Engineer: 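Submitted below is the structure of interest, expressed as C-alpha coordinates.
Owing to the predicted nature of the structure, the values given are computational and were not obtained by experimental measurement. Throughout, protein chains are lettered first and strands after them, A, B, ... in sequence-line order, and every chain is numbered starting at 1.
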Number of protein chains: 2
Amino acid sequence: MPRKSSPVNIDPRVKRTRRLLRDALVLLILKKDFASITIKEVTERAEVAYITFYRHYESLDQLLMEVLDEGLVELMTHIEALARQSDPSSLETEGRLIFEYIEQKADLFRILLKSQSVTRIRKKVVSNISTIFQKSCVPLERLGNQVTINMASNHIATSLLSLIEWWLENNMKPSPIEMGKVYKSLIIDSTVGAVSSLSAVAK
Amino acid sequence: MPRKSSPVNIDPRVKRTRRLLRDALVLLILKKDFASITIKEVTERAEVAYITFYRHYESLDQLLMEVLDEGLVELMTHIEALARQSDPSSLETEGRLIFEYIEQKADLFRILLKSQSVTRIRKKVVSNISTIFQKSCVPLERLGNQVTINMASNHIATSLLSLIEWWLENNMKPSPIEMGKVYKSLIIDSTVGAVSSLSAVAK
DNA sequence: ACATACTGTTACACAGTATAACAAAAGGAG
DNA sequence: CTCCTTTTGTTATACTGTGTAACAGTATGT
(Lines give C-alpha, C1' and ligand atoms only; values in the text may rest on other atoms or scores of the structure.)
Protein backbone atom coordinates (compact mmCIF):
# COMPACT_ATOMS: atom_id res chain seq x y z
CA MET A 1 0.00 0.00 0.00
CA PRO A 2 1.71 3.20 -1.16
CA ARG A 3 1.70 6.00 1.29
CA LYS A 4 -0.90 8.60 0.56
CA SER A 5 -1.29 11.18 3.25
CA SER A 6 2.04 12.05 4.90
CA PRO A 7 3.68 14.00 2.09
CA VAL A 8 1.42 16.27 0.17
CA ASN A 9 3.26 15.26 -2.99
CA ILE A 10 1.77 12.01 -4.26
CA ASP A 11 3.74 9.91 -6.71
CA PRO A 12 2.28 10.66 -10.16
CA ARG A 13 2.19 6.94 -10.91
CA VAL A 14 -0.04 6.38 -7.87
CA LYS A 15 -2.24 9.26 -8.86
CA ARG A 16 -2.53 7.90 -12.37
CA THR A 17 -3.31 4.34 -11.26
CA ARG A 18 -6.00 5.43 -8.84
CA ARG A 19 -7.59 7.68 -11.43
CA LEU A 20 -7.61 4.83 -13.96
CA LEU A 21 -9.26 2.51 -11.44
CA ARG A 22 -11.89 5.07 -10.42
CA ASP A 23 -12.73 5.89 -14.03
CA ALA A 24 -12.95 2.22 -14.93
CA LEU A 25 -15.35 1.54 -12.06
CA VAL A 26 -17.54 4.49 -13.03
CA LEU A 27 -17.81 3.26 -16.60
CA LEU A 28 -18.71 -0.24 -15.44
CA ILE A 29 -21.34 0.90 -12.95
CA LEU A 30 -23.10 2.92 -15.63
CA LYS A 31 -23.29 -0.25 -17.75
CA LYS A 32 -24.11 -2.99 -15.28
CA ASP A 33 -25.03 -3.81 -11.72
CA PHE A 34 -22.37 -3.03 -9.14
CA ALA A 35 -22.79 -6.43 -7.48
CA SER A 36 -21.79 -8.20 -10.68
CA ILE A 37 -18.60 -6.19 -11.21
CA THR A 38 -15.33 -8.02 -10.46
CA ILE A 39 -11.92 -6.67 -9.58
CA LYS A 40 -10.52 -8.38 -12.65
CA GLU A 41 -12.95 -6.47 -14.88
CA VAL A 42 -11.99 -3.16 -13.32
CA THR A 43 -8.27 -3.73 -13.67
CA GLU A 44 -8.63 -4.90 -17.28
CA ARG A 45 -10.73 -1.88 -18.20
CA ALA A 46 -8.24 0.36 -16.39
CA GLU A 47 -5.36 -1.45 -18.11
CA VAL A 48 -3.43 -2.08 -14.91
CA ALA A 49 -2.24 -5.36 -13.43
CA TYR A 50 -4.72 -7.30 -11.30
CA ILE A 51 -2.56 -7.15 -8.19
CA THR A 52 -2.15 -3.39 -8.53
CA PHE A 53 -5.73 -3.02 -7.36
CA TYR A 54 -4.80 -4.52 -3.98
CA ARG A 55 -1.86 -2.15 -3.70
CA HIS A 56 -4.36 0.70 -3.35
CA TYR A 57 -7.70 -0.68 -2.17
CA GLU A 58 -8.90 -3.51 0.03
CA SER A 59 -12.17 -4.10 -1.79
CA LEU A 60 -14.42 -2.81 -4.55
CA ASP A 61 -16.59 -1.28 -1.86
CA GLN A 62 -13.68 0.86 -0.72
CA LEU A 63 -12.99 2.03 -4.26
CA LEU A 64 -16.67 2.83 -4.71
CA MET A 65 -16.60 4.81 -1.47
CA GLU A 66 -13.71 6.88 -2.78
CA VAL A 67 -15.53 7.58 -6.03
CA LEU A 68 -18.67 8.64 -4.21
CA ASP A 69 -16.88 10.63 -1.55
CA GLU A 70 -15.25 12.67 -4.26
CA GLY A 71 -18.61 13.79 -5.59
CA LEU A 72 -20.42 13.66 -2.28
CA VAL A 73 -18.20 16.18 -0.54
CA GLU A 74 -18.82 18.52 -3.42
CA LEU A 75 -22.57 17.96 -3.28
CA MET A 76 -22.67 18.41 0.47
CA THR A 77 -20.81 21.69 0.51
CA HIS A 78 -23.11 22.80 -2.29
CA ILE A 79 -26.32 21.91 -0.46
CA GLU A 80 -24.95 23.20 2.81
CA ALA A 81 -24.12 26.53 1.26
CA LEU A 82 -27.62 26.72 -0.16
CA ALA A 83 -29.23 25.72 3.12
CA ARG A 84 -27.19 28.24 5.09
CA GLN A 85 -28.94 31.10 3.37
CA SER A 86 -32.26 29.62 4.39
CA ASP A 87 -34.23 32.71 3.59
CA PRO A 88 -37.77 31.31 3.52
CA SER A 89 -38.64 33.41 0.51
CA SER A 90 -35.79 31.89 -1.53
CA LEU A 91 -36.59 28.25 -0.81
CA GLU A 92 -37.89 27.83 -4.32
CA THR A 93 -34.61 29.14 -5.70
CA GLU A 94 -32.70 26.82 -3.37
CA GLY A 95 -34.65 23.89 -4.78
CA ARG A 96 -34.06 24.99 -8.35
CA LEU A 97 -30.33 25.29 -7.74
CA ILE A 98 -30.20 21.80 -6.24
CA PHE A 99 -31.87 20.25 -9.28
CA GLU A 100 -29.77 22.27 -11.70
CA TYR A 101 -26.70 20.99 -9.92
CA ILE A 102 -27.97 17.43 -10.21
CA GLU A 103 -28.65 17.98 -13.89
CA GLN A 104 -25.00 18.89 -14.38
CA LYS A 105 -23.71 15.91 -12.44
CA ALA A 106 -26.35 13.44 -13.58
CA ASP A 107 -23.86 10.62 -14.14
CA LEU A 108 -22.51 10.82 -10.61
CA PHE A 109 -26.00 10.80 -9.17
CA ARG A 110 -27.11 7.84 -11.21
CA ILE A 111 -24.13 5.95 -9.83
CA LEU A 112 -24.80 7.15 -6.32
CA LEU A 113 -28.42 6.06 -6.42
CA LYS A 114 -27.65 2.79 -8.18
CA SER A 115 -25.15 2.11 -5.42
CA GLN A 116 -27.87 2.20 -2.87
CA SER A 117 -27.42 -1.48 -3.38
CA VAL A 118 -24.65 -0.82 -0.92
CA THR A 119 -26.93 0.20 1.91
CA ARG A 120 -24.17 1.78 3.97
CA ILE A 121 -23.78 4.46 1.35
CA ARG A 122 -27.43 5.40 1.37
CA LYS A 123 -27.31 5.66 5.14
CA LYS A 124 -24.24 7.86 4.97
CA VAL A 125 -25.85 10.18 2.45
CA VAL A 126 -29.08 10.35 4.42
CA SER A 127 -27.19 11.01 7.62
CA ASN A 128 -25.18 13.82 6.04
CA ILE A 129 -28.14 15.58 4.47
CA SER A 130 -30.16 15.05 7.63
CA THR A 131 -27.51 16.74 9.78
CA ILE A 132 -27.29 19.68 7.43
CA PHE A 133 -31.00 20.31 7.58
CA GLN A 134 -31.10 19.80 11.32
CA LYS A 135 -28.49 22.51 11.75
CA SER A 136 -29.68 24.99 9.21
CA CYS A 137 -33.44 24.68 9.15
CA VAL A 138 -34.22 27.33 11.74
CA PRO A 139 -37.97 26.84 12.13
CA LEU A 140 -37.48 23.24 13.20
CA GLU A 141 -35.23 24.20 16.08
CA ARG A 142 -37.92 26.23 17.75
CA LEU A 143 -40.79 23.82 17.29
CA GLY A 144 -41.05 20.32 18.67
CA ASN A 145 -38.84 18.07 20.78
CA GLN A 146 -35.65 16.30 19.78
CA VAL A 147 -37.31 13.08 18.60
CA THR A 148 -39.64 14.99 16.33
CA ILE A 149 -36.76 17.01 14.92
CA ASN A 150 -34.68 13.90 14.26
CA MET A 151 -37.64 12.32 12.54
CA ALA A 152 -38.37 15.44 10.50
CA SER A 153 -34.81 15.94 9.26
CA ASN A 154 -34.62 12.24 8.41
CA HIS A 155 -37.87 12.68 6.51
CA ILE A 156 -36.50 15.64 4.58
CA ALA A 157 -33.28 13.82 3.70
CA THR A 158 -34.91 10.60 2.50
CA SER A 159 -37.67 12.46 0.68
CA LEU A 160 -35.16 14.62 -1.15
CA LEU A 161 -33.15 11.54 -2.17
CA SER A 162 -36.27 9.73 -3.34
CA LEU A 163 -37.42 12.78 -5.28
CA ILE A 164 -34.03 13.03 -6.98
CA GLU A 165 -34.18 9.32 -7.78
CA TRP A 166 -37.67 9.65 -9.23
CA TRP A 167 -36.60 12.66 -11.27
CA LEU A 168 -33.59 10.89 -12.77
CA GLU A 169 -35.73 7.88 -13.65
CA ASN A 170 -38.18 10.20 -15.38
CA ASN A 171 -35.30 11.53 -17.50
CA MET A 172 -35.27 14.84 -15.60
CA LYS A 173 -38.62 15.65 -17.14
CA PRO A 174 -40.15 18.47 -15.14
CA SER A 175 -37.62 21.29 -15.41
CA PRO A 176 -35.42 22.30 -12.46
CA ILE A 177 -37.62 25.37 -12.10
CA GLU A 178 -40.70 23.21 -11.62
CA MET A 179 -38.76 20.90 -9.29
CA GLY A 180 -37.75 23.91 -7.24
CA LYS A 181 -41.41 24.58 -6.55
CA VAL A 182 -41.98 20.93 -5.72
CA TYR A 183 -38.99 20.95 -3.40
CA LYS A 184 -40.28 23.95 -1.48
CA SER A 185 -43.83 22.73 -1.29
CA LEU A 186 -43.56 18.95 -0.95
CA ILE A 187 -40.35 18.66 1.04
CA ILE A 188 -39.74 21.76 3.15
CA ASP A 189 -43.03 23.57 3.73
CA SER A 190 -44.87 20.29 4.25
CA THR A 191 -42.43 19.08 6.86
CA VAL A 192 -42.26 22.36 8.75
CA GLY A 193 -46.03 22.53 8.75
CA ALA A 194 -46.36 18.96 9.97
CA VAL A 195 -43.83 19.49 12.78
CA SER A 196 -45.58 22.59 14.00
CA SER A 197 -48.96 20.86 13.97
CA LEU A 198 -47.51 17.85 15.80
CA SER A 199 -45.90 20.11 18.39
CA ALA A 200 -49.07 22.11 18.86
CA VAL A 201 -50.92 18.93 19.80
CA ALA A 202 -48.14 17.97 22.22
CA LYS A 203 -48.63 21.20 24.16
CA MET B 1 -36.36 -28.60 -10.81
CA PRO B 2 -39.39 -30.29 -9.35
CA ARG B 3 -42.69 -29.27 -10.83
CA LYS B 4 -44.61 -26.89 -8.63
CA SER B 5 -47.68 -25.38 -10.19
CA SER B 6 -49.52 -27.81 -12.47
CA PRO B 7 -50.95 -30.20 -9.86
CA VAL B 8 -52.28 -28.55 -6.74
CA ASN B 9 -50.76 -31.36 -4.71
CA ILE B 10 -47.11 -30.61 -4.08
CA ASP B 11 -44.81 -33.43 -3.03
CA PRO B 12 -44.44 -33.13 0.78
CA ARG B 13 -40.68 -33.58 0.42
CA VAL B 14 -40.51 -30.54 -1.89
CA LYS B 15 -42.66 -28.53 0.48
CA ARG B 16 -40.43 -29.50 3.40
CA THR B 17 -37.19 -28.73 1.58
CA ARG B 18 -38.36 -25.31 0.46
CA ARG B 19 -39.57 -24.43 3.93
CA LEU B 20 -36.24 -25.49 5.44
CA LEU B 21 -34.35 -23.32 2.93
CA ARG B 22 -36.56 -20.29 3.50
CA ASP B 23 -36.32 -20.58 7.29
CA ALA B 24 -32.55 -21.00 7.11
CA LEU B 25 -32.18 -17.88 4.97
CA VAL B 26 -34.35 -15.84 7.32
CA LEU B 27 -32.27 -16.87 10.33
CA LEU B 28 -29.05 -15.99 8.52
CA ILE B 29 -30.28 -12.59 7.31
CA LEU B 30 -31.22 -11.61 10.85
CA LYS B 31 -27.67 -12.41 11.94
CA LYS B 32 -25.49 -11.11 9.10
CA ASP B 33 -25.42 -9.16 5.87
CA PHE B 34 -27.27 -10.76 2.97
CA ALA B 35 -24.37 -10.15 0.59
CA SER B 36 -22.07 -12.29 2.73
CA ILE B 37 -24.43 -15.28 2.89
CA THR B 38 -23.46 -18.28 0.74
CA ILE B 39 -25.56 -21.08 -0.64
CA LYS B 40 -23.42 -23.55 1.28
CA GLU B 41 -24.27 -21.80 4.56
CA VAL B 42 -27.98 -21.88 3.80
CA THR B 43 -28.03 -25.56 2.90
CA GLU B 44 -25.97 -26.49 5.96
CA ARG B 45 -28.25 -24.53 8.29
CA ALA B 46 -31.27 -26.08 6.55
CA GLU B 47 -29.66 -29.53 6.78
CA VAL B 48 -30.17 -30.37 3.14
CA ALA B 49 -27.61 -31.31 0.50
CA TYR B 50 -25.85 -28.47 -1.31
CA ILE B 51 -27.12 -29.49 -4.73
CA THR B 52 -30.68 -29.62 -3.47
CA PHE B 53 -30.69 -25.83 -3.41
CA TYR B 54 -30.26 -25.75 -7.18
CA ARG B 55 -33.09 -28.21 -7.60
CA HIS B 56 -35.46 -25.49 -6.39
CA TYR B 57 -33.84 -22.08 -6.90
CA GLU B 58 -31.48 -20.49 -9.38
CA SER B 59 -29.89 -18.06 -6.95
CA LEU B 60 -30.04 -16.71 -3.41
CA ASP B 61 -31.78 -13.66 -4.80
CA GLN B 62 -34.61 -15.83 -6.04
CA LEU B 63 -34.98 -17.52 -2.67
CA LEU B 64 -34.97 -14.11 -0.98
CA MET B 65 -37.68 -12.95 -3.37
CA GLU B 66 -39.86 -15.90 -2.40
CA VAL B 67 -39.38 -15.17 1.30
CA LEU B 68 -40.27 -11.51 0.86
CA ASP B 69 -43.18 -12.14 -1.47
CA GLU B 70 -44.71 -14.36 1.18
CA GLY B 71 -44.82 -11.50 3.67
CA LEU B 72 -45.25 -8.74 1.13
CA VAL B 73 -48.51 -10.04 -0.26
CA GLU B 74 -49.84 -10.13 3.28
CA LEU B 75 -48.64 -6.59 4.01
CA MET B 76 -50.08 -5.24 0.76
CA THR B 77 -53.53 -6.66 1.28
CA HIS B 78 -53.39 -5.24 4.79
CA ILE B 79 -52.43 -1.73 3.74
CA GLU B 80 -54.81 -1.84 0.80
CA ALA B 81 -57.69 -2.79 3.06
CA LEU B 82 -56.81 0.11 5.35
CA ALA B 83 -56.45 2.58 2.49
CA ARG B 84 -59.76 1.51 0.97
CA GLN B 85 -61.66 2.90 3.92
CA SER B 86 -59.93 6.23 3.42
CA ASP B 87 -62.29 8.19 5.63
CA PRO B 88 -60.26 11.39 6.12
CA SER B 89 -61.24 11.55 9.76
CA SER B 90 -59.77 8.08 10.42
CA LEU B 91 -56.37 8.70 8.84
CA GLU B 92 -54.79 8.75 12.26
CA THR B 93 -56.29 5.36 13.04
CA GLU B 94 -55.11 4.05 9.66
CA GLY B 95 -51.58 5.12 10.57
CA ARG B 96 -51.79 3.56 14.01
CA LEU B 97 -52.95 0.26 12.52
CA ILE B 98 -50.07 0.24 10.04
CA PHE B 99 -47.49 0.68 12.77
CA GLU B 100 -49.19 -1.84 15.04
CA TYR B 101 -49.04 -4.33 12.19
CA ILE B 102 -45.35 -3.59 11.69
CA GLU B 103 -44.76 -4.05 15.40
CA GLN B 104 -46.21 -7.55 15.13
CA LYS B 105 -44.16 -8.49 12.08
CA ALA B 106 -40.99 -6.63 13.06
CA ASP B 107 -38.68 -9.47 12.02
CA LEU B 108 -40.07 -9.62 8.51
CA PHE B 109 -39.74 -5.88 8.12
CA ARG B 110 -36.19 -5.79 9.38
CA ILE B 111 -35.35 -8.37 6.72
CA LEU B 112 -37.27 -6.49 4.07
CA LEU B 113 -35.51 -3.25 4.81
CA LYS B 114 -32.11 -4.86 5.21
CA SER B 115 -32.68 -6.43 1.82
CA GLN B 116 -32.95 -3.05 0.20
CA SER B 117 -29.42 -4.02 -0.64
CA VAL B 118 -31.25 -5.78 -3.42
CA THR B 119 -32.51 -2.60 -5.04
CA ARG B 120 -35.09 -4.39 -7.13
CA ILE B 121 -36.99 -5.28 -3.99
CA ARG B 122 -37.18 -1.71 -2.74
CA LYS B 123 -38.46 -0.63 -6.12
CA LYS B 124 -41.08 -3.33 -6.11
CA VAL B 125 -42.29 -2.36 -2.66
CA VAL B 126 -42.34 1.33 -3.53
CA SER B 127 -44.18 0.63 -6.76
CA ASN B 128 -46.82 -1.46 -4.98
CA ILE B 129 -47.47 1.02 -2.19
CA SER B 130 -47.41 3.87 -4.68
CA THR B 131 -50.09 2.24 -6.82
CA ILE B 132 -52.30 1.61 -3.82
CA PHE B 133 -52.21 5.23 -2.75
CA GLN B 134 -52.70 6.44 -6.29
CA LYS B 135 -55.89 4.41 -6.55
CA SER B 136 -57.31 4.99 -3.11
CA CYS B 137 -56.28 8.49 -2.16
CA VAL B 138 -59.31 10.32 -3.51
CA PRO B 139 -58.19 13.94 -2.96
CA LEU B 140 -55.16 13.42 -5.22
CA GLU B 141 -57.30 12.33 -8.15
CA ARG B 142 -59.12 15.62 -8.26
CA LEU B 143 -56.14 17.91 -7.84
CA GLY B 144 -53.17 18.22 -10.16
CA ASN B 145 -52.09 16.51 -13.36
CA GLN B 146 -50.79 12.99 -13.88
CA VAL B 147 -47.11 13.83 -13.39
CA THR B 148 -47.82 15.54 -10.10
CA ILE B 149 -49.93 12.60 -8.92
CA ASN B 150 -47.23 10.10 -9.86
CA MET B 151 -44.69 12.16 -7.99
CA ALA B 152 -46.93 12.55 -4.96
CA SER B 153 -47.77 8.87 -4.64
CA ASN B 154 -44.12 8.02 -5.07
CA HIS B 155 -43.37 10.54 -2.34
CA ILE B 156 -45.92 8.95 -0.02
CA ALA B 157 -44.62 5.45 -0.64
CA THR B 158 -40.93 6.25 -0.13
CA SER B 159 -41.65 8.48 2.86
CA LEU B 160 -43.68 5.76 4.51
CA LEU B 161 -40.92 3.21 3.94
CA SER B 162 -38.29 5.58 5.29
CA LEU B 163 -40.41 6.39 8.31
CA ILE B 164 -40.87 2.67 9.02
CA GLU B 165 -37.13 2.15 8.61
CA TRP B 166 -36.37 5.02 10.99
CA TRP B 167 -38.88 3.68 13.52
CA LEU B 168 -37.40 0.19 13.50
CA GLU B 169 -33.90 1.60 13.94
CA ASN B 170 -35.15 3.62 16.92
CA ASN B 171 -36.43 0.38 18.49
CA MET B 172 -40.05 1.30 17.78
CA LYS B 173 -39.75 4.06 20.34
CA PRO B 174 -42.63 6.46 19.79
CA SER B 175 -45.72 4.28 20.24
CA PRO B 176 -47.87 3.26 17.26
CA ILE B 177 -50.46 5.77 18.52
CA GLU B 178 -47.93 8.60 18.22
CA MET B 179 -46.76 7.28 14.87
CA GLY B 180 -50.33 7.28 13.68
CA LYS B 181 -50.41 11.04 14.24
CA VAL B 182 -47.08 11.44 12.50
CA TYR B 183 -48.32 9.35 9.57
CA LYS B 184 -51.42 11.51 9.13
CA SER B 185 -49.58 14.80 9.53
CA LEU B 186 -46.15 14.23 7.96
CA ILE B 187 -47.05 11.80 5.19
CA ILE B 188 -50.66 12.22 4.08
CA ASP B 189 -51.87 15.72 5.00
CA SER B 190 -48.55 17.26 4.00
CA THR B 191 -48.59 15.64 0.59
CA VAL B 192 -52.21 16.43 -0.14
CA GLY B 193 -51.62 20.01 0.92
CA ALA B 194 -48.54 20.31 -1.25
CA VAL B 195 -50.27 18.86 -4.29
CA SER B 196 -53.18 21.25 -3.96
CA SER B 197 -50.86 24.24 -3.58
CA LEU B 198 -48.81 23.13 -6.59
CA SER B 199 -51.95 22.66 -8.67
CA ALA B 200 -53.33 26.03 -7.62
CA VAL B 201 -50.21 27.72 -8.96
CA ALA B 202 -50.50 25.79 -12.22
CA LYS B 203 -53.98 27.22 -12.81
C1' DA C 1 23.26 8.20 -12.34
C1' DC C 2 21.44 6.07 -8.49
C1' DA C 3 18.57 4.55 -4.73
C1' DT C 4 13.74 4.36 -4.02
C1' DA C 5 9.13 3.40 -5.00
C1' DC C 6 5.80 1.74 -8.01
C1' DT C 7 4.08 -1.56 -11.60
C1' DG C 8 3.89 -6.04 -14.18
C1' DT C 9 4.36 -11.14 -14.67
C1' DT C 10 3.81 -15.56 -13.03
C1' DA C 11 2.49 -18.79 -9.74
C1' DC C 12 -0.33 -20.61 -6.16
C1' DA C 13 -3.75 -21.72 -2.34
C1' DC C 14 -8.38 -21.18 -1.35
C1' DA C 15 -13.48 -20.55 -1.40
C1' DG C 16 -17.78 -20.48 -3.73
C1' DT C 17 -20.53 -21.54 -7.94
C1' DA C 18 -22.64 -24.74 -10.91
C1' DT C 19 -23.20 -29.25 -13.02
C1' DA C 20 -23.12 -34.49 -13.66
C1' DA C 21 -23.66 -39.39 -12.51
C1' DC C 22 -25.13 -42.71 -9.57
C1' DA C 23 -26.94 -44.59 -5.16
C1' DA C 24 -30.41 -44.29 -1.45
C1' DA C 25 -34.77 -42.98 0.48
C1' DA C 26 -39.52 -41.43 0.44
C1' DG C 27 -44.12 -40.84 -1.76
C1' DG C 28 -48.25 -42.41 -4.37
C1' DA C 29 -51.24 -45.77 -7.09
C1' DG C 30 -52.77 -50.13 -7.76
C1' DC D 1 -47.54 -54.64 0.27
C1' DT D 2 -45.26 -53.98 -3.98
C1' DC D 3 -43.69 -51.43 -7.75
C1' DC D 4 -42.73 -47.35 -10.19
C1' DT D 5 -41.75 -42.54 -9.88
C1' DT D 6 -39.83 -38.61 -7.80
C1' DT D 7 -36.91 -36.50 -4.72
C1' DT D 8 -32.79 -36.34 -2.02
C1' DG D 9 -27.88 -37.40 -0.80
C1' DT D 10 -23.01 -38.47 -2.01
C1' DT D 11 -19.07 -37.78 -4.55
C1' DA D 12 -16.43 -35.85 -8.15
C1' DT D 13 -15.21 -32.16 -11.21
C1' DA D 14 -14.67 -27.80 -14.03
C1' DC D 15 -14.71 -23.11 -13.50
C1' DT D 16 -14.37 -18.37 -11.74
C1' DG D 17 -12.95 -14.90 -8.59
C1' DT D 18 -10.26 -13.67 -4.35
C1' DG D 19 -6.13 -12.65 -2.11
C1' DT D 20 -1.06 -13.24 -1.45
C1' DA D 21 3.96 -13.97 -2.67
C1' DA D 22 8.33 -13.59 -5.13
C1' DC D 23 10.86 -11.54 -8.48
C1' DA D 24 11.75 -8.80 -12.56
C1' DG D 25 11.10 -4.44 -14.90
C1' DT D 26 10.14 0.54 -15.11
C1' DA D 27 9.43 5.24 -13.67
C1' DT D 28 10.52 9.12 -10.19
C1' DG D 29 13.13 12.70 -8.06
C1' DT D 30 17.28 14.44 -6.04
Side-chain angles (χ1 to χ4, degrees), chain A residues 1-29 31-67 115 117-118 120, chain B residues 1-29 31-67 115 117-118 120:
Chain A
M1 214 83 155
R3 67 194 187 297
K4 187 184 176 183
S5 48
S6 304
V8 191
N9 303 330
I10 303 159
D11 193 309
R13 290 168 292 182
V14 174
K15 223 173 154 185
R16 178 190 129 94
T17 300
R18 289 193 174 138
R19 182 177 48 75
L20 289 172
L21 287 171
R22 283 195 305 264
D23 292 351
L25 181 61
V26 168
L27 282 175
L28 287 171
I29 289 181
K31 282 188 185 166
K32 53 188 286 194
D33 191 41
F34 175 74
S36 71
I37 296 174
T38 67
I39 292 171
K40 198 186 165 194
E41 272 180 305
V42 175
T43 54
E44 277 175 359
R45 163 87 45 167
E47 291 182 310
V48 299
Y50 175 75
I51 198 183
T52 299
F53 177 89
Y54 289 99
R55 288 173 173 142
H56 298 276
Y57 306 98
E58 285 181 349
S59 63
L60 277 179
D61 274 27
Q62 196 185 322
L63 174 56
L64 179 62
M65 288 292 185
E66 192 174 295
V67 169
S115 315
S117 25
V118 189
R120 277 171 297 125
Chain B
M1 213 84 155
R3 67 190 187 294
K4 187 183 175 182
S5 49
S6 305
V8 191
N9 303 331
I10 304 160
D11 193 307
R13 291 169 293 182
V14 173
K15 222 174 157 186
R16 179 190 129 93
T17 299
R18 290 195 173 135
R19 182 178 47 77
L20 288 173
L21 288 171
R22 283 196 303 265
D23 292 352
L25 181 62
V26 168
L27 282 175
L28 287 171
I29 289 181
K31 283 188 186 168
K32 52 187 288 194
D33 191 42
F34 175 73
S36 71
I37 295 173
T38 67
I39 292 170
K40 198 185 165 194
E41 272 181 305
V42 175
T43 54
E44 278 174 359
R45 163 86 45 168
E47 291 182 308
V48 299
Y50 176 75
I51 198 183
T52 300
F53 177 89
Y54 289 99
R55 287 173 173 142
H56 298 275
Y57 305 98
E58 285 180 351
S59 63
L60 277 179
D61 273 29
Q62 196 185 320
L63 173 56
L64 179 62
M65 288 292 186
E66 193 174 294
V67 169
S115 315
S117 25
V118 188
R120 276 170 297 128

Engineer: At under 4.0 Å, does any side-chain N or O of A:Thr17 touch on OP1 or OP2 of C:dC6?
Structural biologist: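 False: A:Thr17 side-chain N/O out of range (4.0 Å or more) of C:dC6 OP1/OP2.
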Engineer: For nucleotides 27-30 of chain D, give me every protein contact, N/O to N/O, under 3.5 Å, one pair per line with atom names.
Structural biologist:
{"unit_1": "D:dA27", "atom_1": "N3", "unit_2": "A:Arg13", "atom_2": "NH1", "d": "3.0"}

Engineer: Grab the CZ-P distance between A:Phe53 and D:dG17 for me, whole Å please.
Structural biologist: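 My rounded result for the distance is 15 Å.
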Engineer: Check the distance between C:dG16's C1' and B:Leu60's CG and give it to me in whole angstrom.
Structural biologist: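 The distance from CG of B:Leu60 to C1' of C:dG16 comes to 11 Å, rounded to the nearest Å.
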Engineer: Quick one: A:Arg16 CZ to D:dT26 C1', roughly how many Å, whole number?
Structural biologist: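 For the pair A:Arg16 CZ and D:dT26 C1', the rounded distance is 12 Å.
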Engineer: Over all strands shown, is B:Ile51 touching base, sugar-phosphate only, or nothing at heavy-atom distances under 4.0 angstrom?
Structural biologist: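 It contacts base atoms.
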Engineer: What are the two closest non-hydrogen atoms of B:Gln62 and B:His56, and how far apart are they?
Structural biologist: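 What the structure gives for the nearest pair is NE2-O, 4.3 Å.
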Engineer: Show the nearest heavy-atom pair for residues A:Thr43 and A:Ala49, with the distance to one decimal.
Structural biologist: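 Taking A:Thr43 first and A:Ala49 second, the nearest heavy atoms are CG2-O, 3.9 Å.
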Engineer: Can you tell me which nucleotide in C:dG8, D:dT10, D:dT7 comes closest to the side chain of A:Arg55?
Structural biologist: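 Looking only at heavy atoms from C-beta outward on A:Arg55, the closest nucleotide is C:dG8.
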Engineer: Rounding to an integer number of Å, can you tell me how far B:Lys15 NZ sits from C:dG28 C1'?
Structural biologist: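 Taking NZ of B:Lys15 and C1' of C:dG28, I get 16 Å after rounding.
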Engineer: Any idea which of D:dT18, C:dA18, C:dG8 is nearest the B:Ile39 side chain?
Structural biologist: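 That would be C:dA18.
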Engineer: Under 4.0 Å between a side-chain N or O of A:His56 and OP1 or OP2 of C:dC6?
Structural biologist: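 No, no such contact exists.
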Engineer: Taking 4.0 Å as the cut-off, does a side-chain nitrogen or oxygen of B:Thr38 come that near to OP1 or OP2 on C:dA15?
Structural biologist: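 Answer is no, no contact under 4.0 Å.
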Engineer: Any idea which heavy atoms bring B:Val67 and B:Arg22 closest together, and the distance?
Structural biologist: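 Closest pair (atom of B:Val67, atom of B:Arg22, distance): CG2-CG, 3.8 Å.
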Engineer: Once you round it to whole Å, what is the distance between C1' of D:dT8 and CG of B:Leu20?
Structural biologist: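 Those two atoms, CG and C1', are 12 Å apart.
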Engineer: Would you mind reporting whether A:Ile39 and A:Tyr54 have side-chain heavy atoms less than 4.5 Å apart?
Structural biologist: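 In short, these two side chains touch, coming nearer than 4.5 Å.
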Engineer: B:Leu60 and B:Phe53: which non-hydrogen atoms are nearest, and at how many Å?
Structural biologist: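 Residues B:Leu60 and B:Phe53, closest heavy atoms: N-CZ, 3.8 Å.
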Engineer: Tell me if the NZ atom of B:Lys32 is crowded by more than 12 foreign heavy atoms within 6.0 Å.
Structural biologist: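 Above 12, so yes.
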Engineer: Check every atom of C:dC6, C:dT19, D:dT8 against the side chain of B:Tyr54 and return the nucleotide holding the closest atom.
Structural biologist: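 When the side chain of B:Tyr54 is considered, C:dT19 is the closest of C:dC6, C:dT19, D:dT8.
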Engineer: Could you tell me which non-hydrogen atom of B:Ser36 sits nearest to which non-hydrogen atom of B:Glu41, and how far apart they are?
Structural biologist: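 Nearest pair, atom of B:Ser36 first, then B:Glu41: O-OE1, 3.5 Å.
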Engineer: To the nearest Å, how far apart are A:Lys40 NZ and D:dT20 C1'?
Structural biologist: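 Those two atoms, NZ and C1', are 17 Å apart.
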Engineer: Just the rounded figure in Å: distance from P of C:dA18 to CG of B:Leu63.
Structural biologist: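 Rounded to whole Å, this separation is 13 Å.
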Engineer: Check the distance between C:dT9's P and A:Glu44's CD and give it to me in whole angstrom.
Structural biologist: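 So the two atoms are 12 Å apart, to the nearest Å.
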